[in-house]
Amino acid sequence: MSAPAHAGLLRLARPEIVELAAYEHAAWEPGLERLHANELPWRIGGDGTEAGLNRYPEPQPRQLIERLASLYSTEPERVLVCRGSDEAIDLLVRAFCRPGCDSICICPPTFGMYAVAARIQGAAVMRVPLERAHGFALQARALLERCGGAADGGRGDLKLVFVCSPNNPTGNLLEEAELVRLGAALEGRALLVVDEAYIEFAQAASLVRHAATLPNLVVLRTLSKAYGLAGARCGALLAAPELVRLLRKIIPPYALTQHSIETVLSLTEPAPLAAARERVAAIIRARSELQQSLAQCPGVAQVWPSAANFLLVEFHDATRVFEALHRSGLLVRDVRSQPALERALRITVGTAEQNARLLAVVRAAGGGGRV
Ligand SMILES: *Cc1c(COP(=O)(O)O)cnc(C)c1O
């Protein structure tokens, strides 16, 4: 008999995706001469890659998957490598949500891509806000009460619950016990997707260590933030092997470029990984200095504690500060359209020089003088 808990996972997916025969990409047999993929047989002058850009890259490259599995402390069959975690979000919504029928649940204020991916797919978005009065903490029980009725196994189901930890843009790490409680309560009814784009800056353990007991858990990781590789477009979805196999059917066959594959492999060797950890430590130190300095600036109402590489800052006059920063060449993220953040800006921790410039402008803007 197959594991009953896991059978539930595919039961939640769109039946046409479960039954889909995936595109048969050219066989990957590196030992043989490639006369089967209509590629040119010659390498092009100036091509600096190892494998040759004239060749299609390996789909779901074995070595990269093994590297990411070891980086994220899981098994290779639980890893789907994708073009950033943005692509993973899109794949999940496409595989699970029937247009005009199913829904996702998000906890705003949060990352915008979950709702955008759902809208593109024609899925409904249920919103259970994180409450400012509770420090934007996840309250599993309240969330389950709000969305419990929808996840009842009938038609028009809630399929995916997206949470982000540490949350963007509030910066707080969600409580592990609450996440585990939520995942367990959703089992067999919906997937719990935990986006850990900033977890390295929290110095906390990934929820992936609960994968064995939470078959409906999906963890999203990315190399874009802590590893400084946003331009390489590489992220990973960590989930039960049957879910990884299902999503492999809908990810484009040659999603990652050969450039990205080779770059990520060389920049995740032990030495660059050690350097990455030092940069994360430097950002964490700078975050704490910036947080203290901002808290003392006139015009700043509140600096929220952060477990990420940015700070959520509330101002008495956020428009004034945003415009002053912009005029002096500094872009920060205006998050005021999000619930409970009417006077907040999200500020990424930069270099010492950038942080000093930012502080000078914020001080001047808050002081009431011309800026
Ligand atoms: C930046 C970010 C991502 C996207 O990361 P990519 O891997 O670059 O696509 C995903 N989730 C959150 C919360 C982010 O802030």
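Model, not experiment: these values are computed from the prediction. Counting starts at 1 for both ligands and their atoms, in listed order.
Residue contacts with ligand 1 for Asp195 involve side-chain atoms from C-beta outward but no N, CA, C or O (heavy atoms, distance under 4.0 Å). Heavy atoms of Ser85 found under 4.0 angstrom from ligand 1 belong to the backbone as well as the side chain.
Looking at Glu196 and Ser206, their side chains do bring a donor and an acceptor atom within 3.5 Å of each other. Looking at Thr319 and Arg336, their side chains do bring a donor and an acceptor atom within 3.5 Å of each other.
Under the 4.5 Å side-chain contact rule for hydrophobic residues, Leu229 and Ile199 do not share a cluster. With hydrophobic clusters built from ILVMFWY side chains whose heavy atoms lie under 4.5 angstrom apart, Met113 shares a cluster with Leu92.
Remark: among candidates Arg233, Arg346, Glu87, the nearest residue to atom 9 (O) of ligand 1 is Arg233, based on non-hydrogen atoms.
With respect to atom 15 (O) of ligand 1, the closest heavy atom belonging to the protein is Tyr198 OH, 2.7 Å. In terms of protein heavy atoms, atom 2 (C) of ligand 1 is closest to Lys225 NZ, 2.4 Å.
In this structure, the ring of Phe310 has its center less than 6.0 angstrom from the ring center of Tyr198.
Short contacts between ligand 1 and Asp86, defined as distances under 4.0 Å to a heavy atom of the residue, involve ligand atoms 4 (C), 9 (O). Counting the atoms of ligand 1 from 1 in the order shown, those under 4.0 Å from a heavy atom of Phe111 are 2 (C), 3 (C), 10 (C), 11 (N), 12 (C), 13 (C), 14 (C), 15 (O). Annotation for ligand 1: atoms under 4.0 Å from non-hydrogen atoms of Ser224 are 6 (P), 7 (O), 8 (O). Numbered from 1 in the order shown, with element, the atoms of ligand 1 that lie under 4.0 Å from a heavy atom of Thr222 read 5 (O), 6 (P), 7 (O), 8 (O). Near Cys164, meaning under 4.0 Å from one of its heavy atoms, ligand 1 places the atoms 13 (C).
Looking at Lys249, its side chain does come within 3.5 Å of a backbone N or O of Ile17 through a donor-acceptor pair. Remark: side-chain polar atoms of Asp102 are paired, donor with acceptor, to backbone N or O of Asp157 under 3.5 angstrom.
Listed by first and then second residue, the ring-ring contact (aromatic ring centres under 6.0 Å, His included) pairs involving residues 86-126 are Phe111-Tyr114, Tyr114-Phe162 (not counting sequence neighbours).
The shortest N or O to N or O distance between Tyr114 and ligand 1 is not below 3.5 Å.
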